[in-house]
Amino acid sequence: MYKAVCLFLCAWLLVVVPAWGLILHPAGEPGADWSERPASSALGKWGSNASCVVIGRNLVITTTHQGGGVGTIVKIEGVGYTVVEQWCEPNGEDIRVAKLGHANLPGFVPLFTNYNEVGKTVVIGGWGVGRGEELLDNSNNLIGYTWGNSGSMFERWCTNKVDIASSGCLVADFDILGAYSATEYEGVLADHDSGGGWFINIGGIWRVMGLNQGVDRLDESRFGENNYAIRVSSYAKWINEVIEANSGCDYRAGDLNEDCVVDIFDLLKLAEGWLQSDCGPGNNYCEGADFEPWDGVVDLGDYVSLIRAVAN
């Protein structure tokens with residue numbers, strides 16, 4: 001019902017570079033024990049060049065301009081899941097929902113659906129290049145950082161405040177160290193962060209308000225001023241319809257073809273991967289075929305476990 005070719009037709013981004021990472025915190029980065037952010041399980045690494053947000057047990061949301069699609073590997077907490085289906089926004093906007101094969105992810109976040117984003121402090125997460133060299137102003141004051149190595153991707157977090165909300169876009173500017181409006185861990189976007197999330201905590205529950213989309217460049221150092229995000233509330237009705245239509249049953253071990261039952265057809269899928277020996281987190285244990293015991297190979301142990309699952 002919601003299948004569409006993924007297109008990116010947003011004219012204003014012609015003057016804004018795609019956002020693929022996070023430059024962080026002139027005042028220092030959050031410590032390892034910083035808990036004022038969503039769990040890492042809410043944030044995914046989309047392929048080798050972008051990020052995504054987990055919004056269902058087997059669903060993620062991301063932008064479309066970074067490419068990828070069915071067959072892309074999404075890594076969440078080090079485990080790789082294959083995109084088996086995707087749904088793009090019907091009017092060609094820069095947003096899509098993707099289904100991950102053999103995924104049962106408890107750490108998903110709901111959508112922020114209100115239209116009162118302006119003035120709210122958000123936590124921004126992404127898999128990006130991190131920060132590189134320091135940037136100083138004419139008075140030798142630290143004002144930011146260049147982007148790190150473009151071939152690297154790290155889970156990074158920062159904070160900011162929403163300044164503008166338009167029909168489908170959110171804007172948050174980057175306030176330099178000492179500015180009265182700067183948040184505790186003020187940050188700005190950079191390489192590899194497209195599709196990551198702008199999160200807000202409502203009543204103890206983290207919700208996704210926006211998706212990283214673009215960033216202004218002030219000069220050739222790539223130091224950004226304005227962060228841009230897809231406004232989730234503008235597309236919440238469509239997103240929730242996709243979620244509802246594809247929630248189905250929770251994935252269970254042994255349901256290799258994901259039809260909500262473990263039967264002879266799963267045995268046939270097991271046979272297709274028989275004796276595959278490179279199973280691990282990177283390929284979600286051979287797409288679920290190496291499921292008990294998790295020994296790296298699809299073999300007799302998995303066959304016996306599957307037979308027991310069929311019997312149950």
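Heavy atoms only: backbone and side chains are in, while hydrogens, waters and symmetry mates are out.
In this structure, Y115 is not a member of the same hydrophobic cluster as V118, with clusters built from ILVMFWY side-chain heavy atoms closer than 4.5 Å. Grouping the Ile, Leu, Val, Met, Phe, Trp and Tyr side chains by contacts below 4.5 angstrom, directly or via other members, places V109 with W238. When hydrophobic clusters are built by joining Ile, Leu, Val, Met, Phe, Trp and Tyr residues whose side-chain heavy atoms come closer than 4.5 Å, directly or via intermediates, V84 is not grouped with I73. Note on F108 and L211: separate hydrophobic clusters, where clusters join Ile, Leu, Val, Met, Phe, Trp and Tyr whose side-chain heavy atoms are under 4.5 Å apart, directly or indirectly. Taken together through direct or relayed side-chain contacts under 4.5 Å among Ile, Leu, Val, Met, Phe, Trp and Tyr, L43 and L105 form parts of separate hydrophobic clusters.
Side-chain contact, S40 with E155: a donor N or O sits under 3.5 Å from an acceptor N or O. A donor-acceptor pair shorter than 3.5 Å cannot be found between the side chains of S194 and Q213.
Within the 4.5 Å cutoff, side-chain heavy atoms of T72 are placed close to those of W46. Between L189 and I124 there is a side-chain heavy-atom pair separated by less than 4.5 Å. Using a 4.5 Å heavy-atom cutoff, the side chains of N227 and V171 are not in contact. Side-chain contact between I239 and V232: present, with at least one pair of heavy atoms (C-beta onward) separated by less than 4.5 Å. The shortest side-chain heavy-atom distance between V60 and I76 falls under the 4.5 Å cut-off. When side chains are defined from C-beta on, T82 does not count as touching H102, because their heavy atoms never get closer than 4.5 Å. Residues L111 and I55 meet the side-chain proximity criterion, which asks for heavy atoms closer than 4.5 Å. Within the 4.5 Å cutoff, no side-chain heavy atoms of N160 are placed close to those of Y185.
Note on ring orientation: taking the six-membered ring where Trp is involved, the planes of Y303 and W274 are perpendicular (angle over 60°, cut-offs 30° and 60°).
Within the model, atoms CE of M209 and OG of S233 stand 8.0 Å from one another, a figure rounded to the nearest 0.5 Å. Between K99 atom NZ and Q86 atom CD the span is 13.5 Å, to the nearest 0.5 Å. T113 OG1 to N240 CG: the interatomic distance, rounded to the nearest 0.5 Å, is 7.5 Å.
The one candidate from T63, I61, V83, V74 that meets the side-chain contact (heavy atoms from CB on, under 4.5 Å) condition with C52 is V74.
Within the 3.5 Å criterion, the main-chain N or O of T159 finds a donor-acceptor partner in the side chain of T183. No donor-acceptor pair closer than 3.5 Å links the side chain of D290 to the backbone N or O of C279. Panel note: side chain D163, backbone D173; a donor-acceptor pair is recorded below 3.5 Å. Between the side chain of N114 and the main chain of N116, no donor-acceptor pair closer than 3.5 Å is present. A donor-acceptor contact shorter than 3.5 Å is absent between the side chain of N91 and the backbone of E93. The main-chain N or O of S51 is found under 3.5 Å from a side-chain atom of T62 such that the two form a donor-acceptor pair.
Annotation: F112 is not in aromatic contact with W198 [ring centroid separation under 6.0 Å not met].
Here E89 does not pair with R96 in a salt bridge; the nearest charged N to carboxylate O distance is not below 4.0 Å.
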request  = Would you sort out whether F265 and L270 count as a side chain to side chain contact (heavy atoms under 4.5 Å, CB included), showing the intermediate values?
outcome  = CA-CA 9 Å; F265 297 103; L270 185 77; over 6 Å; no
